[in-house]
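Single-structure report; data block below.
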Amino acid sequence: MAIEQYLKALEIKDAEGRALTHSFDATRGSEQFRPATKQKLDFLAVELTKGAVTVQGFKSAKVANDPLSVEFDGTFATTPSGLSSNAAVVTFNLDQRNATLMWQAMGGPPFAGLDALPDRAELTSSVITVKYAVEFDGMLPGAEAIVTLRKESVAKVLTEQKSSYSSWSGKRTWDEVVGKDYRTLARDSMEVRIPSSQYSAVPPGGTKSVKDVLTDWASAQLVSMLAAQLPDIKLSDLMTGKKDSITQVQDQSRTYKLSTAIGVARNPQGMLPKVNGLVQRDTLDNYFSTLDLNRVPWVDVTVTVNPLARARMKTNKIGAIALTRLNFGSNRLRTADNLKRDVTVLPFEAEGSGALSQVQLLGQFGIKEKDAVVSYDYEVSYTDGTPTYRVDNNTLPQGKTNVDLSGADLGVLQKTLDAQWLPWGLISSARLDVQYADLYQSTFMLTKDNAKAEIVKPLGRKIDQNLQYRLTLNMTSGTPVAYPAAADAWAEVNREATGLIPLRSPLGDAGLTEAIFNLDTDVTSATSRVEYAMELPGGIQRLFSKVIRLDAAKKATDTWSVATPVNADATFTFKKLKVRNGQAEQPLDDQIETPRVTNPEFTFGMTKVEVL
């Protein structure tokens, strides 16, 4: 079937093709296929100027030539070592896998730690493609341009003989300027000969075809010849009446042959002979063994180090952090800039501008290290005089090679406590006392407009305990309220907590109740000590109080903001209650009111306090 398809593609009839097969003589060379001729023909090799071979390996024929499925590849460009013989030597490296190929093909023992070689069945569907690209100089035989300048051609451009008849003078003839285009003269005076149409294609490195090159040359020659013979006449004057100057023109001819070579690129994609096409398949196993080129006697390691951001270092009062040891197993690593020297210290400085770049360290070690892990030591130095913090014997999980210093223990106590959710309608300020073990103590005064406590304290040791705090609320009325309630108790912040950490209010999740106090129309003034009882978190009862003084002439209304109980209604107790109508003052009994509204309104009357 294949032979029939090839004959059809070459437009060779079956009988003609079989005749060629039958006439083949193994003792004769390739000349037997050349056409018969009486002339002696010499066939020489094309002299190559450039060459490249690309070798790629794929797992199967389905993904062959897919650039995303390449298992290994290598491009080898070379210039032929001899122009006459086109000889060149190409070394196939295959990404350093030649060591495996040579070692195992020469019968070397298995690499320590490697499994047995795979069965041939694993690689029976593998595909290797070989592509060639060559370039040679192509000559253009016989391509020429001929320019011929004749007196009559110029005359035809300038004048044309005309005649007419009249009744009184008979026939009359004269020369008249007709002003034909100069391009007509150029077209009539030049001839471009190109022996084959294939050479008129645009060459790879140029922008004009061979015909354009020769035509441009011929036009320039015509201008040169006219300028030499008619020096006093510009070409633009040829359209004027200076026809007498034609007598100065002499016949002249110039010929130009194009001998410049043009680079021709070709991709001869002839397949190399395959062994399984020359030898019976069942005999291949006697001579060949399948080798996995990925099984190499070394381990390539790339460890990436991600530094802290400079801004974070400065915020945490860190001057520098430096890796003082970085190993893969027991081996040091190196940088791509200097593969001959081990990296002993890798510092990252907080000073400077711009982001700190990650660093990649490389290493190639024996196969015995294939299960090794990355280990490292580092030091942190501070800007506030705290002694340097050293952390040794850090290890990454097996198979992990990313050292992320942004998640390292920096020896810095860093927390932000947030008091913005406290009931600022009930309190005027808050005191925050914090401590960390016996290493750090501090106090912050918080207000509604300054409700955050920023803690940044280098300690030079591992942060392995919780931060403790006490919060005291200064109420707008009444005595302060502390959390925790016991004087020797402290609340704790989880050491793993990050970001804004909200402070717990001593009042729990209580809302805000705003009570309004007014005078009745017949009351001119009133006084009372109003008490408000509330159960705090933990079951502790807390009593708040405020003295209310109202005067119709000065202050007829007053307000009091208190915390709304979570599980009960607000209860107000009026004690030492006195009201006045003009000059007469009247004391009233104590009164307890539990309004059923969120923001109650109380009115002082002459007999009692009314709840609206």
Side-chain angles (χ1 to χ4, degrees), residues 315-317 382 384-386 389 409-514 531-546 560-568 570:
T315 299
N316 285 274
K317 302 179 182 179
Y382 307 101
D384 66 345
T386 301
Y389 179 37
D409 175 19
L410 304 177
V412 178
L413 178 65
Q414 194 278 326
K415 300 292 181 185
T416 301
L417 303 181
D418 185 13
Q420 65 175 321
W421 303 111
L422 295 180
W424 290 104
L426 305 177
I427 62 178
S428 58
S429 63
R431 170 176 171 153
L432 177 66
D433 296 294
V434 296
Q435 67 177 18
Y436 179 83
D438 57 351
L439 301 175
Y440 173 74
Q441 299 85 30
S442 186
T443 299
F444 299 87
M445 295 305 299
L446 305 178
T447 63
K448 182 178 181 180
D449 297 329
N450 184 24
K452 294 180 182 178
E454 299 278 354
I455 302 173
V456 179
K457 175 58 179 176
L459 299 178
R461 55 161 290 174
K462 184 177 181 64
I463 307 300
D464 54 2
Q465 299 184 40
N466 291 336
L467 178 71
Q468 296 179 318
Y469 75 91
R470 283 183 57 80
L471 181 64
T472 303
L473 304 185
N474 297 316
M475 311 300 294
T476 55
S477 63
T479 59
V481 178
Y483 175 80
D488 58 348
W490 294 77
E492 292 190 347
V493 175
N494 191 324
R495 63 178 178 272
E496 303 295 336
T498 59
L500 294 177
I501 303 172
L503 293 172
R504 185 175 180 181
S505 170
L507 303 179
D509 297 327
L512 182 66
T513 293
E514 185 174 86
E531 296 179 350
Y532 174 73
M534 180 180 178
E535 182 178 335
L536 300 180
I540 300 176
Q541 291 290 332
R542 178 62 192 272
L543 182 67
F544 301 91
S545 65
K546 181 179 181 180
W560 187 23
S561 296
V562 297
T564 304
V566 177
N567 299 318

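Values in this document were obtained by computation on a predicted structure and should not be read as measured data. When a residue number appears, it is its place in the shown sequence, counting from 1.
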About how many Å separate [atom2] of [Y] and [atom1] of [X], when rounded to the nearest 0.5 Å?
{"X": "Leu413", "Y": "Gln465", "atom1": "CG", "atom2": "CD", "result": "10.5 Å"}
{"X": "Met475", "Y": "Ser561", "atom1": "CE", "atom2": "OG", "result": "10.0 Å"}
{"X": "Arg431", "Y": "Leu471", "atom1": "CZ", "atom2": "CG", "result": "11.0 Å"}
{"X": "Met445", "Y": "Thr472", "atom1": "CE", "atom2": "OG1", "result": "9.0 Å"}
{"X": "Leu459", "Y": "Gln414", "atom1": "CG", "atom2": "CD", "result": "12.0 Å"}

Q. Under 3.5 Å, is there a donor-acceptor pair between the Thr447 and Asp449 side chains?
A.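 Looking only at side-chain atoms, Asp449 and Thr447 do not form any donor-acceptor pair under 3.5 Å.
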Q: For Thr416 and Glu454, test the side chains for any donor-to-acceptor distance below 3.5 angstrom and give the result as yes or no.
A: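 The answer is yes; a qualifying pair exists.
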Q.
Going by the rule side chain to side chain contact (heavy atoms under 4.5 Å, CB included), which residues pair with Ser442 if we only count those two or more places apart in sequence or in a different chain?
A.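 Checked Ser442 against side chain to side chain contact (heavy atoms under 4.5 Å, CB included); matches are Val434, Tyr440, Phe444.
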(Q) I'd like to check the side chain to side chain contact (heavy atoms under 4.5 Å, CB included) partners of Ala451; sequence neighbours left out, ordered by chain and number. (A)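 Ala451 satisfies side chain to side chain contact (heavy atoms under 4.5 Å, CB included) with Ala419, Gln420, Trp424 only.
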(Q) The test is side chain to side chain contact (heavy atoms under 4.5 Å, CB included); show your working for Asn474 and Ile427 and say whether it passes. (A) CA-CA 5 Å; Asn474 297 316; Ile427 62 178; 5.8 Å; no
Please name the pair of heavy atoms, one in [X] and one in [Y], separated by the smallest distance, quoted to 0.1 Å.
{"X": "Tyr382", "Y": "Leu410", "answer": "OH-O, 2.7 Å"}
{"X": "Phe544", "Y": "Val481", "answer": "CE2-CG2, 3.9 Å"}
{"X": "Ala453", "Y": "Leu432", "answer": "CB-CD2, 3.7 Å"}

Side chain proximity check, [X] to [Y], heavy atoms < 4.5 angstrom:
{"X": "Ile455", "Y": "Tyr436", "value": "no"}
{"X": "Lys457", "Y": "Asp384", "value": "yes"}
{"X": "Leu439", "Y": "Arg461", "value": "yes"}
{"X": "Val412", "Y": "Tyr389", "value": "no"}

Q. Looking only at atom types and distance, does a side-chain atom of Tyr483 sit under 3.5 Å from a main-chain N or O of Leu473, one as donor and one as acceptor?
A.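 A pair under 3.5 Å: no.
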Q: Please determine which of Leu446, Leu417, Asp418, Ile501 meets the side-chain contact (heavy atoms from CB on, under 4.5 Å) test together with Lys452.
A: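 The side-chain contact (heavy atoms from CB on, under 4.5 Å) with Lys452 is passed solely by Asp418 among Leu446, Leu417, Asp418, Ile501.
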Show the atom names and distances, to 0.1 Å, of all donor-acceptor pairs under 3.5 Å that link a side chain in residues 490-498 to residues at least two apart or in another chain.
unit_1	atom_1	unit_2	atom_2	d
Glu492	OE1	Asn466	ND2	3.2
Glu492	OE2	Gln468	NE2	3.3
Asn494	OD1	Glu496	N	2.8
Arg495	NH1	Asp464	O	3.4

